[in-house]
Amino acid sequence: MKDYSIKNLRNVGLMGHNGTGKTSLAESILYYSKITDRLGKIEDGTTALDFDTEEKKRQFSISLSVAPIELDHVKINLVDIPGYADFQGECIEGMRAVDVGMIVVSAVSGIKAGTETAWEYCNKIKLPRTIFINKLDRENASFDKVLDSLNRKFGISVVPIQYPIGIEDGFKGVVNVISKQARIYDVKTKEIKILEIPEELKEKIEDCKRMIMESVAETDEVLLDKYFSEGTLSDEDIYHGLIKGCASGDIAPVMCGSATKVIGMDSLIDDIVECFPSPEYAIPQKALDVSKNEEVFINLNQDKPFSALVFKTIADPFVGKISFFRVMTGEAKDDMTVLNVNKDKTEKLSHICFIRGKTQIPTKRIIAGDIGAISKLQYTNTGDTLVNPEFKVMYDKMNFPKAVCSMAVIPQAKGDEEKISQALNKLKEEDPVFEVYRDLENSEIIISGLGETHINVISSKIKSKFGVDVILSIPKVPYKETIKGFADVQGKHKKQSGGHGQYGDVVIKFEPRNDGEEDLEFVDNVVGGAVPRNFIPAVEKGLRECIIHGVLAGCPVIGLRAILHDGSYHAVDSSEMAFKIAASIAYKKGLEQAKPILLEPIMKIEIILPNEYMGDVMADINKKRGRVIGMEAEGEKQKITAEVPLAEIRKYATELRSLTQGRGIFIKELSRYEEVPEVEVAKVIESIKESRK
C-alpha cells in the first residue's frame, strides 16, 4: 500500500445473527477486490475464512477470522465474528480489534436474537455500528420492511445511505443515496454499469437523502445551523457528518446488497472508505499505567512507543500457538523485544505477519490501529498487553461470559486421560470462556461452555486436533448426606488370633452441626483415660475416612458432629488400626440411627430476558421444583432471580434458549445444599446406584 498510515485503515467487525451471511459477505468482498480468484461458498467448504475442519463440517463460523483487503490508498481489515450464541467469547475478542461493528441482517428474516445481542454489545463498549441488509436477491426479501423494523427497534438514527434497485430475483444494483449514483451489476458479464437513478426510485432516494441530512445535522451544531439556513447540505458536509456521527454512535448508516451474487460490493467498499471512521476516531482505550498505578485512556497513535493487545489465540498442535494482536500505539517491528506487562516477561516478536484466513502474509512492520499475528510466543495469552519496556501500560481486560452448560468427558480408550488433559489445556488457551475441572467426588472431568454446541465442538476438536476419542455424558449431581437426629452408639472391634489380638472400643455421640459449617467436627470428651490419648487421633482419622461415603447412597457426609465420650482398651491388644475400625463400626451404626437424609445442591440463577417471555420462564422454574425470589428491571429487559435444584437445570442453557427464542441469558452459582423432597428420595438413590454400576 502506497501510504501506510493510521488514517488509511478501516477495521470492520462483521456481526449479527447466525446465518445472515457474514462469512459470505467477507468472501464476496475478497472476490470483488480480486484478492481471491473464486467466490468461496459455505456449503462447498471453500471459503477462505471458515477454513477449520469443524467449520466446514458444521457450515457455520466457530472462530473469528481476519481478512485484510488492500486497495490503492486504504487497507480494510474485515473481522468475521461468529453469530452463534455459543461463541459469544469470539464476539468479545473480535470487538476489541475493530473500530466499527457492521451488523449483518437478512432481508428475509429481519431482526433476530443475534441482531439484538450485537447491538447491545456495541452499546456496552460504545462501539460505532453500521448495518448491512443482505440477501436482497432472495424470495420474500424486503429492504423497506427491515429498515422500518430497525428504526422502530433501535431508535437512534438508522439511516439508509444506500437503496436497492429491484427486488427478489429482480435485484440488480444499488443506489448511493448521497452521490445519487446508481450501479447495476451484470451477473453474466460481472461488469458494473453506472446509470441514472430509475425514475420510480427518485422520490424514495430524495426522502432517504433528507433523512441522512437531518440525522447528520442533529450531531453537529455547525451543520445544524447550515441546514436550517440553507435547507440542504453539500455531499462533503454529509460525508464529514456521517463519519463523525458514526464514530460517536449517534448514526448507524445502512447499506445493502447480496453477498452470494456479489451485488453491491463496490458501493459497500466505497462507503466503508468514505463513511466509516478510521482508528484515529476510535474511543480512547482504557488502560492501567503500571509505573504510576493509575487509570489512563490512550488514543490510537503512531507517534507513541509501541503497545498492543493480544485479542485472540489459536492453539494448533502442528503450527503451535498463534497470537492475534492489535497495535494500539507506535508500531510492531520484526525481531523487536517487547514486555508482556501482565506476566512481567519479555517476548521476541519474530516473524510478525498479517493473516488472511489461514494464510500468513509476512511483514516487517505493523502500525498503530492495524491487526497482525505472531506465532510461538512463550508466555502470552488472550487479553495480555505487549509493550515497549519504557511504556508500561496494561490494557483493560476482556469480560467474558460465564460458562453455564457442563458435560463430563469420558475417554473411549483406557489410558487416554493424560492425552485428554493436555488437549483440554491447549484448547483452554484458545478459548477463555471454556472451563475444565476435575470432580473428585464422582471421578469425572467436567468441561463447561455456553451451550451444547460449544461443548460438542470442543469434544470434536479433541479428536480432530489431538487424536483422542471421547464420550460426553451429563455430569453426575454431587449429592451429599447428613443427619437430622441424634445417636449415641458403641463401636467395638475385638479379634483374637494367634499372638497379638486386636481390641478397640469407642462410644460416640453423633449429632448435626448447627453452625452452618460442613466439615466433620470431632469433639474429644473422654475422661479418666477410657480411651488412651495416643489412640484418639486414630478415632478421628477413622471417622474422616468414613464420611467420604454415607449410609443412604454412598454420598459424602457433611454437617456432622461426632463426640467421643467413652470407650475401653486392652493394654496389649489395642492399636491405632483397632480404634480406626471401632470408629467405623460406630459411624455406620450411629448414622443409621440418627435419621440420615439426602441433600441436593440448590443453585441460585439470574435470568435476563425480554418482558414477553417472563410468564413462560417463571412457569418453567416452578415445574423444575424452583422458586422465584426476586424480579427487577434490567435496562429494557427483566431480571429473574430464582433458586432451583441443580438436578433440574443441567440442560438449562438449551431449554432457556428454546423458551425465549435465543433472547434469554443466565448465570448460576451454588447457593446451598437442601434436603431432597421425600417423594424424590427413592428415585435419586436408585439413579445414584445405577450410575455406579
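In this text the structure is predicted, and so the values were computed from the model without any measurement.
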Do we see a donor-acceptor contact under 3.5 Å between the side chains of [X] and [Y]?
| X | Y | answer |
| --- | --- | --- |
| Y673 | T482 | no |
| Y437 | S448 | no |
| K397 | N399 | yes |
| R663 | T117 | no |
| Y121 | Q88 | yes |
| S323 | T313 | no |
| Y613 | Q638 | no |
| H570 | D505 | no |
| D289 | S291 | yes |

For [Y], does its backbone N or O pair with a side-chain atom of [X] as donor and acceptor, under 3.5 Å?
| X | Y | result |
| --- | --- | --- |
| T380 | L377 | no |
| E90 | L64 | yes |
| D573 | G501 | yes |
| K465 | A315 | yes |
| K321 | S375 | no |

Around atom [atom1] of [X], are there more than 12 heavy atoms from other residues, nucleotides or ligands closer than 6.0 Å?
| X | atom1 | answer |
| --- | --- | --- |
| K651 | NZ | no |
| K604 | NZ | no |
| Y569 | OH | no |
| K541 | NZ | no |

Member of R625, R627, K624 meeting the salt bridge (charged side-chain N to carboxylate O under 4.0 Å, His left out) criterion with E643:
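The salt bridge (charged side-chain N to carboxylate O under 4.0 Å, His left out) with E643 is passed solely by R627 among R625, R627, K624.
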
Matching residue for K312 among E430, E93, E429 - test: salt bridge (charged side-chain N to carboxylate O under 4.0 Å, His left out)
E93

Can you classify the ring geometry of H454 versus F434 as parallel (below 30°), tilted (30 to 60°) or perpendicular (above 60°)?
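Perpendicular.
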
Parallel, tilted or perpendicular: rings of F535 and F579 (30°, 60°)
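Answer is parallel, since the angle falls under 30°.
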
Can you tell whether the side chains of D488 and K509 come within less than 4.0 Å, N to carboxylate O?
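No, this pair does not count.
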
With sequence neighbours left out, what residues match F400 under ring-ring contact (aromatic ring centres under 6.0 Å, His included)?
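F400 satisfies ring-ring contact (aromatic ring centres under 6.0 Å, His included) with no residue once adjacent residues are dropped.
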
Can you name the closest pair of heavy atoms from S307 and V387 and give their distance?
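That closest heavy-atom pairing would be CB-CG1, 3.8 Å.
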
On the six-membered ring of Y379, is K343 placed so that its NZ or CZ lies under 6.0 angstrom from the centre and within 45° of the ring axis?
no

